[in-house]
Amino acid sequence: MITLGIESTAHTLGVGIVKDGEVLANSKSMYSPEKGGIHPTEASEHHYGNAVNTLKNALSKAGIQKEDIDSVAYSQGPGIPQCLQIAGVVGRSLSQALDIPLVGVNHCISHIEIGKSETGAQDPVTLYVAGGNSQVIASSEGRYRVFGETIDIAIGNALDKIARKMGIPHPGGPEIEKMAEKGSKLIDLPYVVKGMDFSYSGMVTKVVRMLNKHSKEDLCYSFQEHAFAMLVEATERAMAHLGKKEVLITGGVAANKRLNQMMKEMAEARGGKAYKAPLKYCMDNGAMIAYTGQKMLEHGVETSLDNSTTNPNWRTEQVDIPWL
Ligand code: ATP
Ligand code: FE2
């Protein structure tokens, strides 16, 4: 079966093509704001404007015609409402025009599924850390359940906010990582873990207030040390609670070497293993939507036209996963 998947929950418009679980193409076009964060209308205009060429790009990379597609998957949520529309419209149009099945995919779950497939992790506790999401997720009783998450802003968003105040362009995570490597003084910051939940807004405020008092390098270093330790603590608590031995890190912040090192140390100290999804699948992409959609269709899950409207607040634990 050949499945085409469309991703458009935030800044990335992605089109992926998967044949029998193998990725044939993973094309994307990214909206990057000139200044500040994502502007929803501008992002959606970007996605509309680039939908056809990204689609054509993916088809030509895969070496197929649109008539060869057997099914179509699209990111149905969660995400920015205006952005989500595009995957929905393109998905519905293709499904209707080619008379093939349609399936709406949960964006967060697709990060986990492609990560498992690429790393060989069997039943991990997943840390999904990105610009809009920071969650500790694991399978339990036929669903992926969120065991811990940020109670205010996502870690990626926190990094981007600090970067903006430092005059670093969006996305700021990679530059903060570089500066942190040069820092050495650990400045005390609010460390907020409540059960398996965590919070970043107080830490961001404190860093911003101290911009004139300390070097950027020391502030970036201290922020990373505190913020990542909170993520590792919440992940460890979920592992202990569920008796799981594997960790999978995904989402854009998974690119960070320090976070991976800290997670690896924790997992190995517990006799387990930490996996990182390949970077191209940590970032938002169409292949993960195609891959997960194909798996859902193979398990009899399909989305009718009536139920295909976007779902900006779709929660991970609302989705039945037949293969868990
Ligand atoms: P979501 O997946 O929640 O919808 P998103 O699409 O904004 O959010 P991604 O594209 O997965 O997220 O990731 C982008 C985020 O990753 C940005 O916040 C960026 O700063 C962060 N990031 C990228 N590289 C690094 C790095 N090396 N260290 C830390 N953060 C990073
Ligand atoms: Fe994502």
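Please read these numbers as outputs of a predicted model, since none were measured by experiment. Counting starts at 1 for both ligands and their atoms, in listed order. Values reported hereafter were calculated over all heavy atoms of this structure, with side chains retained and with hydrogens, waters and symmetry mates removed.
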Next on the checklist: Would you say that more than 12 heavy atoms from the other residues, nucleotides or ligands in this model lie under 6.0 Å from the CD of E141, or not?
Outcome noted: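 Counting neighbours around CD of E141, 12 or fewer heavy atoms of other residues, nucleotides or ligands fall under 6.0 Å, so no.
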Next on the checklist: Taking atom NZ as the centre, does K206 end up with more than 12 heavy-atom neighbours from other residues, nucleotides or ligands that are less than 6.0 angstrom away?
Outcome noted: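 Yes, because the 6.0 Å sphere around NZ of K206 holds more than 12 heavy atoms from other groups.
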Next on the checklist: Out of C108, G131, P78, who is nearest to atom 12 (O) of ligand 1 when you count heavy atoms only?
Outcome noted: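 Minimum heavy-atom distance to atom 12 (O) of ligand 1 goes to G131.
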Item to check | Selection from T9, N285, D160 by shortest heavy-atom distance to atom 18 (O) of ligand 1 | outcome: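 Among T9, N285, D160, the closest heavy atom to atom 18 (O) of ligand 1 comes from D160.
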At a 4.0 Å threshold, what atoms of ligand 1 neighbour a non-hydrogen atom of [X]?
X: D284; result: 2 (O), 4 (O), 5 (P), 6 (O), 11 (O)
X: N133; result: 1 (P), 3 (O), 4 (O)
X: G172; result: 20 (O)

Got the closest protein heavy atom to [atom], with its distance?
atom: atom 7 (O) of ligand 1; answer: H11 NE2, 3.2 Å
atom: atom 27 (N) of ligand 1; answer: E177 OE1, 2.7 Å
atom: atom 28 (N) of ligand 1; answer: N256 ND2, 3.1 Å
atom: atom 2 (O) of ligand 1; answer: Y128 OH, 2.7 Å
atom: atom 23 (C) of ligand 1; answer: G252 O, 3.5 Å

Ring pair (Phe, Tyr, Trp, His ring centres under 6.0 Å) against [X], all qualifying residues, sequence neighbours excluded:
X: H299; value: W323
X: Y144; value: none
X: H107; value: H111

Item to check | Listed protein N/O/S atoms, distance to the Fe ion (ligand 2) under 2.8 Å | outcome: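 Atoms qualifying: H107 NE2, H111 NE2, Y128 OH, D284 OD1.
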Side chain of [X], backbone of [Y]: donor and acceptor closer than 3.5 Å?
X: D218; Y: S184; result: yes
X: E42; Y: H39; result: no
X: D197; Y: E149; result: yes

